[in-house]
Novice: 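Here it is, the structure, as structure tokens.
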Amino acid sequence: MSLKFITAEEAASCVRHNDNVGFSGFTPSGCPKVIPSAIAKRAEEEHAKGNPFLIGMFTGASTGDSLDGALSRAKAVKFRTPYQSNKDMRALLNAREAAYFDLHLSELAQNLRYGFLGKVNVAVIEAADVSEDGEIVLTDGAGISPTICRLADIILIELNHYHPKEIRGMHDIYEPADPPLRREIPVYTPSDRIGSPVVKVDPAKIRGIVETNLPTESGKFASLDEVTLAIGRNVACFLVGEMKAGRIPPAFLPLQSGVGNVANAVLGAMGENRDVPAFNVYTEVIQDAVIKLMKEGRIKFASGCSLSVSENVLKEIYADLAFFKSKILLRPQEISNNPEVARRMGLIAINTALEADIFGNINSTHVSGTRMMNGLGGSGDFTRAAYLSIFTTPSTAKDGKISAFVPMVSHLDHSEHSVKVIVTEYGVADLRGKSPVQRAREIIDKCVHPDYRPLLNDCLHMGVKGHTPQNLKACFAFHHELAASGDMHNVDWNVYNR
């Protein structure tokens with residue numbers, strides 16, 4: 001069949017009220033831009049006529065403002081899953097004007113195939129190339145693209161000429177069979193190729209192609225400050241110590257690192273520490289630090305779901321594709337985040353905590369237990385399956401008025417059973433093989449900001465007798481004080497001892 005080129009508005013007219021729409025990409029990388037914006041505009045027009053217009057949204061992870069931002073501002077969202085980071089979308093979800101269900105990223109594609117989340121009516125895919133026989137070359141993010149293309153009734157494609165056709169070969173597209181026919185995923189090292197370089201679809205489902213030439217809506221990494229640099233150095237020194245103690249093999253293990261500035265700083269510190277041998281990365285997002293270390297020979301290979309890099313770094317990659325295609329694979333998140341693969345390869349998993357408590361439980365998602373920040377993302381995929389699970393966080397936030405460590409987390413995402421190590425700018429708490437009281441001592445002494453250590457020591461001593469000495473009257477005292485005065489320093493334990 002011949003390819004049909006249409007406008008973004010014509011593409012948007014293919015989406016109906018109450019449809020469930022799957023979008024390509026993972027972070028803003030690989031996300032469509034003009035079709036979602038046109039859907040948002042159509043929603044506004046329908047609302048102005050007094051007509052309802054809402055869509056369900058399946059994405060790989062967070063997206064760009066042209067997708068999450070435009071659709072949330074248009075009040076066009078029926079539900080959203082699995083992860084977001086847009087301020088307007090966050091406001092919509094916290095106002096409960098759209099339903100949101102958080103989900104482990106590795107589970108979304110299979111949950112769609114199992115029929116747990118309803119039908120996928122439309123798939124909107126950003127492509128670097130598309131052929132008449134239905135071969136789609138993705139751009140800088142894979143996400144859930146192969147699954148939504150297979151399940152959707154119709155496919156709309158944004159052919160983005162900003163991304164060169166020559167990126168073909170950087171992707172490794174693979175979908176496992178569903179139970180009871182599923183076999184092991186045959187990835188044994190990060191560089192193993194197991195699938196196809198393209199997403200193969202029935203060309204009859206491609207309703208139209210919209211041509212664009214737009215850069216990825218990527219943000220910039222903040223300049224590294226002393227806190228993030230100290231966290232990075234502490235992680236690197238801890239892992240070197242584990243190697244010297246024989247608890248990590250001399251050849252090292254593949255590394256997984258989460259999203260953001262702290263994760264980027266950790267990777268940078270790993271590369272700078274010459275006691276760490278050149279290593280492989282098996283992760284979800286490939287960030288700027290990975291590319292820098294790859295060029296320096298400190299990272300040998302990186303497997304991920306997206307190139308979540310700054311615009312200048314993406315240009316560097318595209319200018320030298322022959323080099324980078326031999327060192328990078330982009331996989332669907334069902335594979336990049338798969339716990340089976342993580343357990344087999346022995347990943348060192350490093351993720352960021354929003355909040356931790358003195359017994360080692362982690363909150364990754366909710367501010368003060370109620371307001372969704374971004375979502376769980378892939379941290380749970382890796383944490384439970386990792387050879388060694390590490391969480392990093394600055395010890396305080398908001399000029400010290402918020403302690404990252406509290407008596408009890410206000411929302412639980414990762415329990416003490418999965419968290420092996422916590423790192424702040426002050427040090428490393430090794431929680432392996434320790435009782436609740438021993439974990440509390442380790443965390444307070446080595447990770448908590450000095451200003452908050454006396455308060456948390458007092459809290460520990462106030463705990464009732466038992467295996468985990470928690471004072472149920474006082475467990476959310478830090479959060480109550482933050483709501484009352486705006487500063488956790490002002491906690492008065494006398495109030496809770498009455």
Novice: Under 3.5 Å, is there a donor-acceptor pair between the side chain of Asp102 and the main chain of Gly375?
Specialist: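 No, because the side chain of Asp102 does not come within donor-acceptor range (under 3.5 Å) of the backbone of Gly375.
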Novice: Using a strict threshold of under 4.0 Å (side-chain N to carboxylate O), is an ion pair present between Arg298 and Glu272?
Specialist: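 No, this pair does not count.
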Novice: Mind running side-chain hydrogen bond (donor to acceptor under 3.5 Å, both in side chains) on Thr139 and Glu126 for me, showing each step along the way?
Specialist: CA-CA 7 Å; Thr139 60; Glu126 183 180 81; 2.6 Å; yes
Novice: Taking Asn363 for the side chain and Thr365 for the main chain, is one N or O donor matched with an acceptor at less than 3.5 Å?
Specialist: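 Yes; judged by distance alone, with no hydrogens or angles, the pair exists.
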Novice: Salt bridge or not between Glu316 and Lys295? Use side-chain N to carboxylate O under 4.0 Å.
Specialist: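 A salt bridge is present here (some side-chain N lies under 4.0 Å from a carboxylate O).
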Novice: May I ask you to decide whether Arg193 forms a salt bridge with Asp172, counting only side-chain N to carboxylate O separations under 4.0 Å?
Specialist: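 Looking at Arg193 and Asp172, the cut-off is not met.
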Novice: Check the pair Tyr282, Leu255 against side chain to side chain contact (heavy atoms under 4.5 Å, CB included), reporting the backbone distance first and the verdict last.
Specialist: CA-CA 6 Å; Tyr282 194 90; Leu255 200 70; over 6 Å; no
Novice: Check the pair Thr370, Ser368 against side-chain hydrogen bond (donor to acceptor under 3.5 Å, both in side chains), reporting the backbone distance first and the verdict last.
Specialist: CA-CA 6 Å; Thr370 61; Ser368 293; over 6 Å; no
Novice: Is the closest side-chain donor-acceptor distance between Glu175 and Thr147 under 3.5 Å?
Specialist: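 Checked: Glu175/Thr147 side chains pair up, N/O donor to acceptor below 3.5 Å.
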Novice: What heavy-atom pair brings Val428 and Cys447 nearest, and what distance separates the two atoms?
Specialist: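 Closest approach of Val428 to Cys447, heavy atoms only: C-SG, 4.2 Å.
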Novice: Just verifying a value: how many Å separate Ser308 OG and Leu314 CG, rounded to the nearest 0.5 Å?
Specialist: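 Output value for this atom pair is 10.0 Å.
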Novice: Is Glu334 salt-bridged to Arg113, going by a charged N under 4.0 Å from an acidic O?
Specialist: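 Here Glu334 pairs with Arg113 in a salt bridge, since their nearest N and O are under 4.0 Å apart.
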Novice: Answer yes or no: is there a side-chain heavy-atom contact under 4.5 Å between Tyr188 and Met345?
Specialist: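 Side-chain contact under 4.5 Å: no.
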Novice: Can you tell me if NZ on Lys325 sees more than 12 non-hydrogen neighbours from other groups inside 6.0 Å?
Specialist: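 Correct, the count exceeds 12.
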Novice: Around atom CG of Asp178, are there more than 12 heavy atoms of other residues, nucleotides or ligands at under 6.0 Å?
Specialist: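 Yes, the 6.0 Å shell around CG holds more than 12 heavy atoms from other groups.
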Novice: Give a yes or no on whether the ring-centroid distance for Phe79 and Phe58 is below 6.0 angstrom.
Specialist: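 Between Phe79 and Phe58, the centre distance is under 6.0 Å.
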Novice: Between Ser306 and Glu284, is a side-chain hydrogen bond (donor to acceptor under 3.5 Å, both in side chains) present by the stated rule, with each step listed?
Specialist: CA-CA 7 Å; Ser306 70; Glu284 51 186 2; over 6 Å; no
Novice: In terms of ring plane angle, is the pair Phe478 and Tyr452 parallel, tilted or perpendicular, where the classes change at 30° and 60°?
Specialist: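 If you compare the ring of Phe478 with that of Tyr452, the planes turn out tilted.
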Novice: Taking the side chain as every heavy atom from C-beta outward, state whether Phe252 and Ile248 have any pair of such atoms under 4.5 Å apart.
Specialist: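 Side chain of Phe252 against side chain of Ile248, heavy atoms only: contact under 4.5 Å found.
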Novice: Would you mind checking if Glu217 and Lys33 are paired as a salt bridge, meaning a charged N to carboxylate O distance below 4.0 Å?
Specialist: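 The answer is no: the pair does not qualify as a salt bridge.
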Novice: Would you check if there is a donor-acceptor pair between the side chains of Tyr83 and Gln333 at a distance under 3.5 Å?
Specialist: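 Judged by distance alone, the side chains do not pair up.
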Novice: Inspect the contact between Lys292 and Asp288 and indicate whether a charged nitrogen and a carboxylate oxygen are less than 4.0 angstrom apart.
Specialist: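 Not counted as a salt bridge, because no side-chain N and carboxylate O are separated by less than 4.0 Å.
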Novice: Determine yes or no for a side-chain-to-main-chain donor-acceptor pair under 3.5 angstrom, with Trp493 supplying the side chain and Leu455 the backbone.
Specialist: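 A pair under 3.5 Å: yes.
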Novice: Quick one: does any side-chain atom of Asn361 pair with a main-chain N or O of Leu412 as donor and acceptor, under 3.5 Å?
Specialist: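 Here the side-chain-to-backbone pair does not exist.
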Novice: Aromatic rings His414 and Phe391: how do their planes relate, parallel, tilted or perpendicular, breaks at 30° and 60°?
Specialist: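 It falls in the tilted class, 30° to 60°.
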Novice: Which pair of heavy atoms, one from Gln287 and one from Gly258, lies closest together, and at what distance?
Specialist: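 Answer, listing the atom of Gln287 first, then Gly258: NE2-O, 3.6 Å.
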Novice: Is there a side-chain contact between Pro190 and Phe279 in this structure, where contact means two heavy atoms from C-beta onward sitting under 4.5 Å apart?
Specialist: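 They are not in contact (no side-chain heavy atoms under 4.5 Å apart), so the answer is no.
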Novice: Got a donor-acceptor contact below 3.5 angstrom from the Thr393 side chain to the Leu354 backbone?
Specialist: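 Side chain of Thr393 to backbone of Leu354, a donor-acceptor pair under 3.5 Å: no, none is there.
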Novice: With a 4.5 Å cut-off on side-chain heavy atoms, are Ser415 and Val419 touching?
Specialist: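 No, every pair of side-chain atoms sits at 4.5 Å or beyond.
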Novice: Looking at every heavy atom in both Ser485 and Asn490, which two are closest together, and how far apart are they?
Specialist: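 That would be OG-ND2, 3.1 Å.
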Novice: May I ask you to check whether Ser364 and Asn351 show a side-chain donor-acceptor distance below 3.5 Å?
Specialist: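 No - no donor-acceptor pair under 3.5 Å links their side chains.
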Novice: Side-chain donor-acceptor pair under 3.5 Å between Glu355 and His479, yes or no?
Specialist: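 Yes - a donor-acceptor pair under 3.5 Å links their side chains.
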Novice: I need the His104 NE2 to Leu376 CG distance, nearest 0.5 Å.
Specialist: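 Rounded to the nearest 0.5 Å, the NE2-CG separation comes to 5.5 Å.
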Novice: For Ser85, is there any backbone N or O sitting under 3.5 Å from a side-chain donor or acceptor partner on Ser62?
Specialist: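 No, the answer is negative, given that no donor and acceptor are paired below the 3.5 Å cut-off.
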Novice: Would you say the side chains of Arg90 and Asn374 form a donor-acceptor pair under 3.5 Å?
Specialist: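 A donor-acceptor contact under 3.5 Å links the two side chains.
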Novice: Ignoring hydrogens, what is the shortest heavy-atom contact between Ser403 and Phe405? Give both atom names and the distance.
Specialist: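 Closest heavy-atom pair between Ser403 and Phe405: OG-O, 2.7 Å.
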Novice: Once rounded to the nearest 0.5 Å, what's the spacing between atom CD1 of Ile231 and atom CD of Glu226?
Specialist: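 Answer rounded to 0.5 Å: 11.5 Å.
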Novice: Less than 4.5 Å apart, side chain to side chain, heavy atoms only: is that true for Leu388 and Leu239?
Specialist: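 SC-SC contact between Leu388 and Leu239 confirmed.
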Novice: For Phe323, does its backbone N or O pair with a side-chain atom of Lys327 as donor and acceptor, under 3.5 Å?
Specialist: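 No; zero donor-acceptor contacts below 3.5 Å.
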Novice: Side chains of Arg441 and Asn457, heavy atoms from C-beta outward: is any pair under 4.5 Å?
Specialist: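 In contact.
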Novice: Using 0.5 Å steps for rounding, measure from the CD1 atom of Ile125 to the CD1 atom of Ile144.
Specialist: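 Answer rounded to 0.5 Å: 8.0 Å.
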Novice: Using a 4.5 Å cut-off on heavy atoms from C-beta on, say whether the side chain of Glu481 contacts that of Asp487.
Specialist: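 In short, these two side chains do not touch, never coming nearer than 4.5 Å.
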Novice: Shortest non-hydrogen contact from Met372 to Tyr100?
Specialist: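 Scanning both residues completely, I find the closest heavy atoms to be CE-CE2, 3.6 Å.
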Novice: Could you walk me through whether Asn280 and Thr189 satisfy the side-chain hydrogen bond (donor to acceptor under 3.5 Å, both in side chains) test, starting with their C-alpha distance in whole Å, then the side-chain angles of each, then the deciding distance to 0.1 Å, before giving a yes or no?
Specialist: CA-CA 9 Å; Asn280 291 319; Thr189 66; over 6 Å; no
Novice: For residues Ser106 and Asp381, is any side-chain donor paired with an opposing acceptor at under 3.5 Å?
Specialist: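 Note: Ser106 and Asp381 side chains meet the donor-acceptor criterion.
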Novice: So, are Arg432 and Glu242 salt-bridged, with charged N and O less than 4.0 Å apart?
Specialist: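 Yes, this pair counts.
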Novice: Using a 3.5 Å distance criterion without hydrogens, assess whether the side chain of Arg439 forms a donor-acceptor pair with backbone atoms of Gly360.
Specialist: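 No; zero donor-acceptor contacts below 3.5 Å.
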Novice: Regarding Asp192 and Arg331, does a basic nitrogen lie under 4.0 Å from an acidic carboxylate oxygen?
Specialist: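 A salt bridge is absent here (no side-chain N lies under 4.0 Å from a carboxylate O).
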Novice: Heavy atoms only: give me the nearest Pro82-Leu105 pair and the separation to one decimal.
Specialist: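 Smallest heavy-atom distance, with atoms named: CG-CD2, 3.4 Å.
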Novice: Looking at side-chain heavy atoms only, is the closest gap between Asp451 and His489 below 4.5 Å?
Specialist: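 Contact flag for Asp451/His489 side chains = yes.
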Novice: Between Thr468 and Gln470, is there a donor-acceptor pair closer than 3.5 Å when you use the side chain of the first and the backbone of the second?
Specialist: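 A pair under 3.5 Å: no.
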Novice: Decide salt bridge (Lys or Arg N to Asp or Glu O under 4.0 Å) for Arg73 and Asp65; before the verdict, give the C-alpha distance in whole Å, the side-chain angles of both, and the deciding distance to 0.1 Å.
Specialist: CA-CA 10 Å; Arg73 290 189 292 271; Asp65 189 67; 2.9 Å; yes
Novice: Using only heavy-atom distances, determine whether the side chains of Gln438 and Ser435 contain a donor-acceptor pair under 3.5 Å.
Specialist: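 The answer is yes; a qualifying pair exists.
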Novice: What is the distance from atom CD of Gln110 to atom CG of Asn338, rounded to the nearest 0.5 Å?
Specialist: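 Taking CD in Gln110 and CG in Asn338, the distance rounds to 8.0 Å.
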Novice: Look at Arg80 together with Asp68 and state whether they make a salt bridge at an N to O cut-off of under 4.0 Å.
Specialist: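 Salt bridge present between Arg80 and Asp68.
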Novice: Indicate whether the side chain of Thr228 and that of Asn261 have a donor and an acceptor atom separated by less than 3.5 Å.
Specialist: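 There is no such pair (donor and acceptor under 3.5 Å, judged by atom type) between the side chains of Thr228 and Asn261.
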Novice: Is a side-chain donor or acceptor of Ser410 paired with a backbone partner of Gly369 at a separation under 3.5 angstrom?
Specialist: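 Side chain of Ser410 to backbone of Gly369, a donor-acceptor pair under 3.5 Å: yes, one is there.
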